[in-house]
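Below is one structure, written out as structure tokens; comments come after it.
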Amino acid sequence: GWIFGWGQGVVFDSYRQIYGPTPAVNASGELAFFAAAVRTDACSNDSLAPYASAVFGPDGSGGTALVAIPQQPAPGAPAGSALIPKDTVALALDDLGDVAFGADLRLGPSLPVVPAIYRWSASGGLQLVARQYGDAPQGQTFAGPNTFHLGAGGHLVFRDVGPGSFPDNF
């Protein structure tokens with residue numbers, strides 16, 4: 001079928017069981033998962049056509065929503081940055097229907113690709129939680145946010161570990 005909210009020309013394909021992490025289920029039975037999104041316009045010049053690993057989650061009204069797809073603009077990052085969901089890192093779903101997932105950010109054509117954590121909700125959209133070189137508490141910068149946990153009530157904690165730094169929990 002069509003992926004609503006992403007537009008015509010993209011269809012839902014296969015659940016990424018082989019390469020992606022286990023889907024997340026909350027107390028209401030809502031589901032968040034990685035799946036392949038397929039562009040149906042075969043003549044597209046999109047470098048990711050025909051397949052892309054996308055994140056899906058609850059839409060707030062009993063359906064499924066597209067949360068993130070590779071190369072979309074990256075909220076909370078410099079202009080021109082692109083989001084690349086990491087289907088090799090577990091995602092999380094809380095009882096409010098919020099989805100948290102790891103991603104890489106392509107900060108620009110000549111800038112590095114850095115790890116990040118994003119959070120999405122049907123009502124609030126996609127928001128950056130933390131990224132490498134991003135602002136951290138007390139005037140510091142994050143070295144490399146990685147493992148995270150999203151509690152049932154919406155509290156998100158993560159670990160920041162990078163070269164030459166000590167692990168910190170946020």
Side-chain angles (χ1 to χ4, degrees), residues 5-6 16 19-27 30-37 46-48 51-60 64-170:
W6 184 249
R16 294 289 306 262
Y19 300 108
T22 303
V25 180
N26 66 14
E30 295 174 312
L31 190 66
F33 58 95
F34 284 97
D46 185 349
S47 63
L48 295 171
Y51 298 99
S53 183
V55 180
F56 294 85
D59 69 0
T64 301
L66 176 65
V67 171
I69 194 163
Q71 302 300 339
Q72 77 180 58
S81 296
L83 177 74
I84 308 162
K86 288 174 125 173
D87 64 4
T88 57
V89 175
L91 48 74
L93 174 66
D94 66 17
D95 289 343
L96 305 172
D98 294 357
V99 178
F101 63 95
D104 282 333
L105 287 179
R106 181 171 291 127
L107 296 177
S110 60
L111 297 173
V113 173
V114 299
I117 299 171
Y118 272 88
R119 181 182 193 142
W120 178 89
S121 72
S123 61
L126 190 60
Q127 298 175 347
L128 177 67
V129 174
R131 71 172 176 90
Q132 186 176 25
Y133 309 126
D135 293 336
Q138 300 177 351
Q140 303 296 310
T141 58
F142 290 118
N146 54 26
T147 57
F148 59 90
H149 175 76
L150 182 59
H155 297 286
L156 188 134
V157 294
F158 64 93
R159 180 161 245 197
D160 181 43
V161 180
S165 69
F166 295 99
D168 285 315
N169 295 312
F170 292 91

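Small disclaimer: the values here were computed from a predicted structure and weren't measured. Nothing fancy with the numbering, it's 1 onward along the sequence.
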Got [X] and [Y] here, is their nearest side-chain heavy-atom distance under 4.5 Å?
X: Thr64; Y: Phe33; value: yes
X: Pro75; Y: Leu128; value: no
X: Leu93; Y: Pro23; value: no

Those residues that, when tested against Arg106, pass salt bridge (Lys or Arg N to Asp or Glu O under 4.0 Å) (two or more places apart):
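Arg106 satisfies salt bridge (Lys or Arg N to Asp or Glu O under 4.0 Å) with no residue once adjacent residues are dropped.
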What heavy-atom pair brings [X] and [Y] nearest, and what distance separates the two atoms?
X: Ala122; Y: Gly60; answer: CB-N, 4.1 Å
X: Ala116; Y: Arg131; answer: CB-CB, 3.8 Å
X: Ala77; Y: Leu107; answer: CB-CD2, 4.5 Å
X: Leu96; Y: Gly153; answer: CD1-O, 3.5 Å
X: Pro58; Y: Gly97; answer: CG-O, 3.6 Å
X: Ala82; Y: Ala74; answer: C-CB, 4.0 Å

**Message:** Using 0.5 Å steps for rounding, measure from the CD1 atom of Ile84 to the CD atom of Gln72.
**Reply:**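 Rounded to the nearest 0.5 Å, the CD1-CD separation comes to 11.0 Å.
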Nearest 0.5 Å please: distance from the OG1 atom of Thr147 over to the CD1 atom of Ile117.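 Output value for this atom pair is 7.5 Å.
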>> Has Tyr118 got a side-chain atom pairing as donor or acceptor with Pro85's backbone, closer than 3.5 angstrom?
In response: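 No; zero donor-acceptor contacts below 3.5 Å.
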task = Not counting sequence neighbours, which residues clear side chain to side chain donor-acceptor pair (under 3.5 Å) with Asp59? List them please.
result =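 If we apply the side chain to side chain donor-acceptor pair (under 3.5 Å) test to Asp59, skipping adjacent residues, the hits are Ser61.
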task = Report the C-alpha separation of Val157 and Phe148 in whole Å, then their side-chain angles, then the decisive distance to 0.1 Å, and conclude whether the side chain to side chain contact (heavy atoms under 4.5 Å, CB included) test is met.
result = CA-CA 6 Å; Val157 294; Phe148 59 90; over 6 Å; no
- [ ] Tell me, please, which residues at least two apart from Ser121 pass side chain to side chain contact (heavy atoms under 4.5 Å, CB included).
- [x]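 Expected list: Asp98, Ser123.
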| task | Going by the side chain to side chain contact (heavy atoms under 4.5 Å, CB included) test, name the single residue among Asp104, Val55, Leu126 that passes it with Leu83. | result |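 Of the listed options, the one satisfying the test is Leu126.
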_As a quick check of understanding, evaluate side chain to side chain contact (heavy atoms under 4.5 Å, CB included) for Asp94 and Arg119, giving each step before the final call._
CA-CA 11 Å; Asp94 66 17; Arg119 181 182 193 142; 3.5 Å; yes
